[in-house]
> 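Below: one structure in structure tokens.
Lettering follows sequence order; numbering is per chain, from 1.
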Protein chains: 2
Amino acid sequence: MASEDRRAREKVEVQERILNAARELFVSQGFDAVSMRKIADAIEYTPAALYVHFKDKHELMQEMCRRDFGALTRETLKLSVVKCPIARIYLCGAGYIRFGIEHKNHYRMMFMTPHPPELLPTDEDRKKMNDPDQDGYAFFRHAVREAIDQGKFRPEYTDAEAVTQTFWAGVHGVTAIEITHCSDPWLALAPLAARIELILDVLLRGMLADPAELDQMKAALRKGGML
Amino acid sequence: MASEDRRAREKVEVQERILNAARELFVSQGFDAVSMRKIADAIEYTPAALYVHFKDKHELMQEMCRRDFGALTRETLKLSVVKCPIARIYLCGAGYIRFGIEHKNHYRMMFMTPHPPELLPTDEDRKKMNDPDQDGYAFFRHAVREAIDQGKFRPEYTDAEAVTQTFWAGVHGVTAIEITHCSDPWLALAPLAARIELILDVLLRGMLADPAELDQMKAALRKGGML
DNA sequence: ATCTTTTAATGAACACCGTTAGTCTACCAC
DNA sequence: GTGGTAGACTAACGGTGTTCATTAAAAGAT
């Protein structure tokens with residue numbers, strides 16, 4: 001059945017052309033600027049044809065973001081070479097913010113827009129979600145757990161999940177504010193770089209049993225050219 | 001010209017009925033659920049009539065949110081009775097998050113949606129914006145400045161604007177994550193109360209010259225029944 | 001009391017949007 | 001060849017924000 005393979009290949013190719021057309025509109029103008037009709041026009045198809053390949057607009061956009069966000073995961077996982085969990089946490093946070101700001105609309109879609117609660121994760125998804133070698137969140141939480149186990153954090157901070165989510169909240173806050181308010185004339189934002197360093201320093205120092213360790217870690221990172 | 005006054009009163013009354021109808025749809029179902037036609041139906045007017053009173057849908061929604069957010073400002077300003085700037089900062093943050101979560105859609109509209117950059121603040125606005133007795137942000141920044149002047153923060157933290165925005169980023173992060181992801185099956189969020197306390201503790205402790213002061217302050221607040 | 005100006009509200013339309021039902025057609029397995 | 005399948009198409013439905021010419025009524029001026 002070579003022809004069957006070919007048909008499958010063709011199908012995938014069409015889907016990819018759809019997703020690429022969608023991406024082009026999306027990155028430059030955001031979700032609302034992507035209309036099924038515009039996508040269809042771009043690839044010289046009829047709007048209805050898109051529904052052969054995707055359930056609806058939301059699923060289409062989600063699929064596109066999902067693929068593109070593999071890049072964030074891959075970039076994050078690269079940090080497994082960093083031995084010290086504190087340094088790993090710091091670099092994860094910095095990378096996360098940077099990525100979000102370089103992909104504003106993707107970030108908005110993934111982390112600032114509620115997803116329909118109908119799409120539940122499969123068992124396979126659940127497995128991935130908890131594997132630090134496959135999932136960025138799990139990777140980060142693993143670093144937190146290591147730090148806790150090594151007694152790096154204050155003794156009252158034993159809940160890795162809560163600590164992870166608090167750190168996430170901090171970096172998400174900086175990212176989200178930059179995305180939504182960077183050109184808001186009602187607000188005079190301090191330089192982004194300063195805000196990034198501040199939030200990372202403050203969060204980590206506030207969690208560390210020995211706050212001085214932050215500066216040692218940063219000095220070491222600078223020495224290694226990783227900061 | 002008594003009749004002129006009456007006409008003005010009537011106009012204001014219609015505007016208010018529009019805003020109230022809009023609010024009702026908005027709080028329960030969000031921005032997208034509010035359509036000009038639905039609002040018009042609710043007050044038994046024609047859709048076009050709304051454009052006599054408001055430039056467009058966005059301005060209408062913005063005006064509604066603006067009014068409702070007076071409540072946040074008023075609630076924040078109440079904290080001027082708290083003498084210690086550190087405690088004031090802490091309570092501001094807690095109140096901010098609480099308010100955001102009790103008014104999810106309003107918060108989303110005000111702080112998670114970019115505003116059209118065409119509407120510049122007037123000179124009067126600019127005056128208000130910098131008056132701690134009228135503006136919540138200025139009030140908060142003033143507390144930060146006090147804390148800095150009193151030597152409460154680490155010596156390298158001298159930029160009140162940056163510190164304010166970093167603290168804001170933290171509380172915004174918690175609020176925004178709760179709003180967008182509270183019913184996300186892909187995420188197991190720690191209890192909200194725990195995340196609130198954690199972020200406030202961590203942020204403040206990370207900034208304080210003497211981290212132990214956080215616990216003293218919290219103890220004092222608990223004694224006074226303010227926490 | 002009549003005439004003019006102003007203004008809120010209307011009806012009808014425009015240009016979009018996401019989505020669907022029914023149809024056509026090219027290909028595949030038999 | 002025949003029947004079935006699946007991708008693409010045409011046409012439409014019901015919705016959206018918004019505009020514009022027109023009405024009707026009230027206000028002000030003479």
Side-chain angles (χ1 to χ4, degrees), chain A residues 1-26 29-65 105 109 113-116 118-119, chain B residues 1-22 25-26 29-65 105 109 113-116 118-119:
Chain A
M1 312 303 147
S3 61
E4 208 170 86
D5 291 7
R6 201 209 61 218
R7 300 256 299 191
R9 263 204 324 276
E10 280 171 354
K11 176 152 185 160
V12 167
E13 204 190 285
V14 172
Q15 285 175 351
E16 229 134 64
R17 276 200 291 148
I18 293 173
L19 291 173
N20 288 338
R23 171 162 37 244
E24 202 155 324
L25 292 162
F26 184 67
Q29 301 166 72
F31 184 88
D32 289 336
V34 184
S35 84
M36 299 302 263
R37 284 169 162 87
K38 281 190 202 164
I39 300 173
D41 269 5
I43 59 168
E44 295 178 290
Y45 272 41
T46 290
L50 306 184
Y51 291 86
V52 173
H53 299 277
F54 300 95
K55 193 175 122 281
D56 55 25
K57 180 185 174 183
H58 216 93
E59 196 194 84
L60 196 165
M61 294 282 97
Q62 200 122 319
E63 175 59 21
M64 187 216 69
C65 285
N105 283 315
M109 175 90 186
T113 307
H115 305 308
E118 93 232 359
L119 228 118
Chain B
M1 311 305 150
S3 59
E4 208 172 81
D5 291 8
R6 201 208 61 219
R7 299 257 298 191
R9 267 205 320 278
E10 280 172 355
K11 177 153 184 163
V12 167
E13 204 190 284
V14 172
Q15 285 175 352
E16 229 133 65
R17 276 201 289 150
I18 294 174
L19 291 173
N20 288 338
L25 292 162
F26 184 68
Q29 299 165 68
F31 184 88
D32 288 336
V34 185
S35 85
M36 299 303 260
R37 284 169 165 85
K38 281 190 203 163
I39 300 174
D41 270 4
I43 59 169
E44 294 180 291
Y45 273 41
T46 291
L50 305 184
Y51 291 86
V52 173
H53 299 277
F54 300 94
K55 192 175 124 282
D56 56 25
K57 180 184 175 184
H58 216 91
E59 196 194 84
L60 195 166
M61 295 281 97
Q62 199 122 319
E63 175 60 20
M64 187 217 71
C65 286
N105 283 315
M109 176 89 187
T113 307
H115 305 308
E118 93 233 358
L119 229 119

> Reading nucleotides 6-17 of chain C 5' to 3', which nucleotides get B (base under 4.0 Å from a protein heavy atom), which S (sugar-phosphate only), which -?
-SSBBB-B---B

> Suppose we screen for salt bridge (charged side-chain N to carboxylate O under 4.0 Å, His left out). Which residues come up paired with A:Glu16, at least two apart in sequence or across chains?
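So A:Glu16 forms a salt bridge (charged side-chain N to carboxylate O under 4.0 Å, His left out) with A:Arg67.
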
> Do any pairs count as a salt bridge (Lys or Arg N to Asp or Glu O under 4.0 Å) and have a residue in residues 43-55 of chain A, sequence neighbours left out, and if so which ones?
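Listed by first then second residue: A:Lys55-A:Glu118.
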
> Rounded to whole angstroms, how far apart are CD on B:Glu10 and P on D:dA26?
9 Å

> C:dG18 P sits how many Å from A:Glu59 CD, rounded?
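Taking CD of A:Glu59 and P of C:dG18, I get 15 Å after rounding.
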
> Using atom NE2 of B:His58 as one end and atom C1' of D:dT16 as the other, report the distance to the nearest whole Å.
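Nearest whole value for this atom pair: 16 Å.
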
> Can you check whether B:Glu63 reaches B:Glu59 side chain to side chain, under 4.5 Å on heavy atoms?
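No, every pair of side-chain atoms sits at 4.5 Å or beyond.
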
> Quick one: side-chain contact (heavy atoms from CB on, under 4.5 Å) partners of A:His53, sequence neighbours excluded?
A:Lys11, A:Val14, A:Gln15, A:Ile18

> How close or far is atom P of D:dG7 from atom CD of A:Glu13, stated in whole angstroms?
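Going from A:Glu13 (CD) to D:dG7 (P), I get 14 Å.
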
> Not counting sequence neighbours, which residues clear salt bridge (charged side-chain N to carboxylate O under 4.0 Å, His left out) with B:Glu10? List them please.
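By the salt bridge (charged side-chain N to carboxylate O under 4.0 Å, His left out) rule, B:Glu10 matches B:Arg6.
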
> Taking side-chain contact (heavy atoms from CB on, under 4.5 Å) as the test, write out the residues that go with A:Ala21, two or more places apart.
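side-chain contact (heavy atoms from CB on, under 4.5 Å) check on A:Ala21 returns A:Ile39, A:Ala42, A:Ile43.
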
> B:Leu60 CG to D:dT16 C1': how many Å, rounded?
15 Å

> Could you state the atom-to-atom distance from OH of B:Tyr51 to P of D:dG17 in whole Å?
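One finds 6 Å between P of D:dG17 and OH of B:Tyr51, rounded.
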
